[in-house]
2 protein chains.
Amino acid sequence: MTTMDDVARLAGVSTSTVSHVLNGTRKVNAETRLRVEEAIEQTGYRRNVVARALAAGRTNTVGLSISALTNPYFGSLVHAVERALSDAGYVLIVGDSHDEAESEKRVVDSLLGRKVDGMIVAPAAGSERASLPEIARAGTPLVLIDRGADIESDQVGPENESSAKALTDHLLDIGHTRVGVVRGLAGISSTTERFDGYVAALSDRGIDLDASLIVDGESNTEAAERGVYALMSSADRPTALVSMNNAMTIGTLKAIRRLGLSIPGDVAFVCYDDFEWSDLFEPKLTAAAQDVETIGATAVELLLRRIQGDDGAAQHIRVPTTFHHRNSCGCA
Amino acid sequence: MTTMDDVARLAGVSTSTVSHVLNGTRKVNAETRLRVEEAIEQTGYRRNVVARALAAGRTNTVGLSISALTNPYFGSLVHAVERALSDAGYVLIVGDSHDEAESEKRVVDSLLGRKVDGMIVAPAAGSERASLPEIARAGTPLVLIDRGADIESDQVGPENESSAKALTDHLLDIGHTRVGVVRGLAGISSTTERFDGYVAALSDRGIDLDASLIVDGESNTEAAERGVYALMSSADRPTALVSMNNAMTIGTLKAIRRLGLSIPGDVAFVCYDDFEWSDLFEPKLTAAAQDVETIGATAVELLLRRIQGDDGAAQHIRVPTTFHHRNSCGCA
DNA sequence: CTGAAAGCGCTAACAT
DNA sequence: ATGTTAGCGCTTTCAG
């Protein structure tokens with residue numbers, strides 16, 4: 001493998017000069033620079049980023065801990081983050097936390113050991129007490145994405161409460177009074193906030209919260225399907241349903257289909273999160289769509305600012321959702 | 001930041017001993033080990049993976065170059081690869097090639113500079129002449145995933161030709177003679193092979209290939225939608241359609257919907273690639289499903305073997321698809 | 001404008 | 001069973 005030494009020797013200069021032409025870190029005689037560039041060309045030299053990182057004390061690398069890469073929503077998020085970072089000359093290392101604090105800790109540990117310059121985390125339930133303090137202790141810049149946590153750090157996520165309220169309000173507006181809700185994984189802020197939005201909508205109209213109308217979908221489609229199946233099999237089932245994320249939506253739709261119920265005829269339906277195919281589905285789904293691109297880009301922006309040394313107050317940014325009024329709500 | 005020196009000093013041993021207890025690379029007195037472990041605990045020491053990599057000459061890192069993380073298919077693939085690697089103690093670095101040889105070259109360069117121990121690549125069109133030779137020159141173990149290329153290296157992908165043929169055969173079996181095809185991005189092996197499967201099915205029945213029935217969906221949903229819209233607007237449109245990957249399928253369905261045509265009434269439909277929601281969609285889609293888990297795990301297995309020094313002949317592995325007979329083909 | 005040389009934090013001979 | 005030490009390939013101060 002060719003090293004800087006080889007290049008220096010071939011060009012008849014010191015490694016220090018080679019390093020400087022490579023990095024543009026000091027003025028170099030045009031002619032010398034040319035010789036160096038030729039030597040690089042000739043040898044096919046490629047700088048060893050590992051050695052560079054060790055010497056320079058930064059890796060130009062950012063770590064991302066995220067749950068469930070399989071979920072298309074997170075897939076898009078990773079994509080958005082990756083693009084923003086690579087535009088800024090950084091490389092992304094992703095770890096999947098499976099939404100468990102313990103496995104998140106492993107991911108974070110590994111990332112920290114790799115001396116990432118910064119970290120973006122979609123915190124699992126319980127990570128305030130597990131990985132997040134470690135990151136703080138290591139002094140690594142951090143921004144939370146998608147969900148929040150009760151710590152001092154930048155955070156970027158979608159608007160949850162008011163969007164969930166708007167979805168629920170819509171069902172209420174068109175006359176429903178028994179509205180079921182399918183909520184996501186317990187213990188994470190987005191679940192709580194979206195549920196709060198649902199509750200707020202009800203309470204605005206003086207409707208009491210009915211615990212029997214709440215389905216806990218945990219993290220997965222299957223749980224949501226089971227829960228909705230049970231709920232919708234009951235005698236006094238709700239006339240409308242709000243689903244709080246895309247996995248919940250798939251589960252819900254499967255259950256409804258399995259029961260032979262029709263949307264919106266037998267039950268009106270609205271959901272948080274949009275799908276690429278949501279206007280393909282019959283009926284088209286009325287949904288609140290997140291702006292994943294903006295969320296990802298914003299997280300990166302905040303993080304880079306921290307990496308560059310900004311130590312202003314922590315920012316909490318909410319990116320608005322877009323309400324897509326289609327026909328699963330049944331008010332055409 | 002605490003280093004091995006700090007730990008060694010606190011434990012009253014040499015750094016070499018610390019290193020060996022950390023790595024289990026030589027026997028150390030139980031008592032000494034305990035002292036070291038305590039010192040590690042006390043200082044909150046975490047080994048600097050960058051320094052380790054430089055000294056040891058390996059990074060325990062694998063690079064993955066893939067196109068379009070947004071595509072749920074690739075999302076699952078990344079997920080599968082990540083899991084298999086992390087089980088083996090490796091960390092994944094992902095780069096998005098956007099299916100362009102040039103941007104793939106950037107990704108590969110960066111990965112190579114980071115001294116990844118191995119590389120998994122879903123080659124873009126033209127990468128035989130761009131990034132792949134570089135990887136070979138660097139001597140980095142490589143396995144191709146999803147698509148093949150005409151080089152000497154391990155390759156893992158889905159069964160394409162026979163699966164595409166089976167899909168087409170099915171339409172032919174139930175009496176269609178004018179079968180349109182929506183193919184994927186030109187220049188990559190999966191597109192070619194799947195198209196070959198379509199052609200083979202026709203030729204088996206003595207049906208001539210009709211160029212007017214071929215839609216080139218390029219890489220994206222929009223192109224597929226436009227192409228199918230045009231095709232299905234024509235007077236003598238086909239009575240059946242095969243779509244060759246999930247992006248093409250979404251485009252096709254959008255076009256059909258836009259034209260107000262019904263499946264399978266106006267046109268029978270089958271597709272390569274399955275969706276999580278494919279039995280939610282009405283009608284349920286008849287599809288050939290890839291086994292992404294197996295593809296990912298196999299790629300990792302082959303790669304690790306190479307990393308461990310195996311230099312046997314290159315293997316080309318095809319993972320079978322599963323035919324899901326549902327009702328978009330209209331032969332219920 | 002350029003070079004010499006001291007590390008960055010760790011691993012792995014080589015000694016003892 | 002443990003310690004000494006020479007690097008790994010680069011960056012960056014300090015001299016010139």
Side-chain angles (χ1 to χ4, degrees), chain A residues 1-37 39-40 43-61 89 109-110 112-117 138-140, chain B residues 1-37 39-40 43-61 89 109-110 112-117 138-140:
Chain A
M1 209 209 29
T2 115
T3 73
M4 248 173 66
D5 263 323
D6 302 325
V7 175
R9 204 169 314 123
L10 186 62
V13 299
S14 71
T15 61
S16 149
T17 296
V18 176
S19 169
H20 283 118
V21 340
L22 238 28
N23 300 315
T25 30
R26 82 179 175 195
K27 220 185 328 282
V28 169
N29 189 328
E31 202 180 308
T32 320
R33 178 198 283 101
L34 209 68
R35 282 216 312 287
V36 172
E37 278 161 352
I40 291 178
T43 53
Y45 170 74
R46 170 184 295 121
R47 91 137 104 39
N48 182 333
V49 179
V50 175
R52 173 181 156 88
L54 181 59
R58 62 204 154 62
T59 53
N60 286 310
T61 278
D109 257 344
S110 149
L112 251 21
R114 293 194 129 72
K115 299 288 172 239
V116 294
D117 295 338
T140 305
Chain B
M1 208 210 31
T2 115
T3 73
M4 248 173 68
D5 263 323
D6 302 324
V7 174
R9 204 169 313 122
L10 185 63
V13 300
S14 71
T15 61
S16 148
T17 297
V18 176
S19 169
H20 283 118
V21 339
L22 238 28
N23 300 315
T25 30
R26 81 180 177 195
K27 223 190 319 291
V28 5
N29 191 328
E31 201 180 307
T32 319
R33 178 197 283 103
L34 209 68
R35 282 216 314 286
V36 172
E37 279 161 354
I40 290 177
T43 53
Y45 170 75
R46 171 184 296 120
R47 86 141 106 36
N48 182 331
V49 178
V50 175
R52 173 179 154 91
L54 181 59
R58 62 204 153 64
T59 53
N60 287 308
T61 278
D109 257 343
S110 149
L112 251 21
R114 294 194 128 72
K115 299 289 172 238
V116 294
D117 295 338
T140 305

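The chains referred to below are lettered A, B, ... by the order of the sequence lines, with proteins before strands, and numbering in each begins at 1.
- B/Tyr45 and B/Leu22 get closest at one heavy-atom pair: CE2-CD2, 3.6 Å.
- Partners of A/Arg26 according to the side chain to side chain donor-acceptor pair (under 3.5 Å) rule, which considers only residues two or more places apart in sequence or in another chain, are A/Ser16, A/His20.
- Atom-to-atom, CZ of A/Arg33 to C1' of C/dG3 comes out at 18 Å; the value is rounded to the nearest Å.
- Under the side-chain contact (heavy atoms from CB on, under 4.5 Å) criterion, B/Thr32 pairs with B/Val13, B/Thr17, B/Val28, B/Asn29, B/Arg35, not counting sequence neighbours.
- Taking atom CD on B/Glu31 and atom P on D/dA1, their separation rounds to 13 Å, with Å as the unit.
- Near DNA chain D, defined here as any heavy-atom distance below 4.0 Å, the residues from residues 9-18 of chain A are A/Ser16, listed numerically.
- Scored by the salt bridge (charged side-chain N to carboxylate O under 4.0 Å, His left out) test, A/Asp117 finds no partners at all (sequence neighbours excluded).
- Across all strands shown, A/Thr25 has no heavy atoms under 4.0 Å from either base or sugar-phosphate atoms.
- End-to-end axis angle for the helix from C/dC1-D/dG16 to C/dT16-D/dA1, using five pairs per end and rounding to 10°, comes out at 40°.
- In terms of heavy-atom proximity, B/Thr43 sits nearest to B/Thr2 at O-CG2, 3.5 Å.
- Judged purely by atom type and a 3.5 angstrom limit, B/Thr59 uses its side chain to pair as donor or acceptor with the backbone of B/Lys115.
- Nearest approach of A/Val50 to B/Ala53, heavy atoms of both residues: CG1-CB, 3.9 Å.
- Listed by residue number, the members of residues 43-52 of chain A with any heavy atom below 4.0 angstrom from DNA chain C form an empty set.
- Whole-Å rounding puts the A/Met4 CE to D/dC10 C1' distance at 6 Å.
- Across C/dT2, D/dT11, C/dT11, the shortest atom-to-atom separation from the side chain of A/Thr32 is found for C/dT2.
- Pairing each heavy atom of B/Ala51 with each of A/Leu54, the nearest pair is CB-CD1, 3.7 Å.
- For B/Asp5 and C/dC10, the CG to C1' distance is 10 Å, given to the nearest whole Å.
- Rounded to an integer number of Å, the gap from CE of B/Met1 to P of C/dC10 is 7 Å.
- Separating the NZ atom of B/Lys115 from the P atom of D/dG9 is a distance of 9 Å, rounded to the nearest angstrom.
- Under the side-chain contact (heavy atoms from CB on, under 4.5 Å) rule, A/Met4 has a single partner from A/Val18, A/Asn48, A/Ile40, which is A/Val18.
- Atom CG in B/Leu54 sits about 12 Å away from atom P in C/dC10, given to the nearest Å.
- Between the A/Asn23 side chain and the A/Thr25 main chain, no donor and acceptor come within less than 3.5 Å of each other.
- The phosphate of C/dC10 (OP1 or OP2) has no side-chain N or O of B/Ser19 nearer than 4.0 angstrom.
- Between A/Leu22 and B/Ala30, the residue anchored nearer the 5' end of DNA chain D, judged by the nucleotide with its closest heavy atom, is B/Ala30.
- Below the 3.5 angstrom threshold, one finds no donor paired with an acceptor across the side chain of A/Arg114 and the base of C/dG9.
- With rounding to whole Å, B/His20 atom NE2 is found 13 Å from D/dA1 atom P.
- Between B/Ala138 and B/Leu112, the shortest heavy-atom contact is CB-CG, 4.0 Å.
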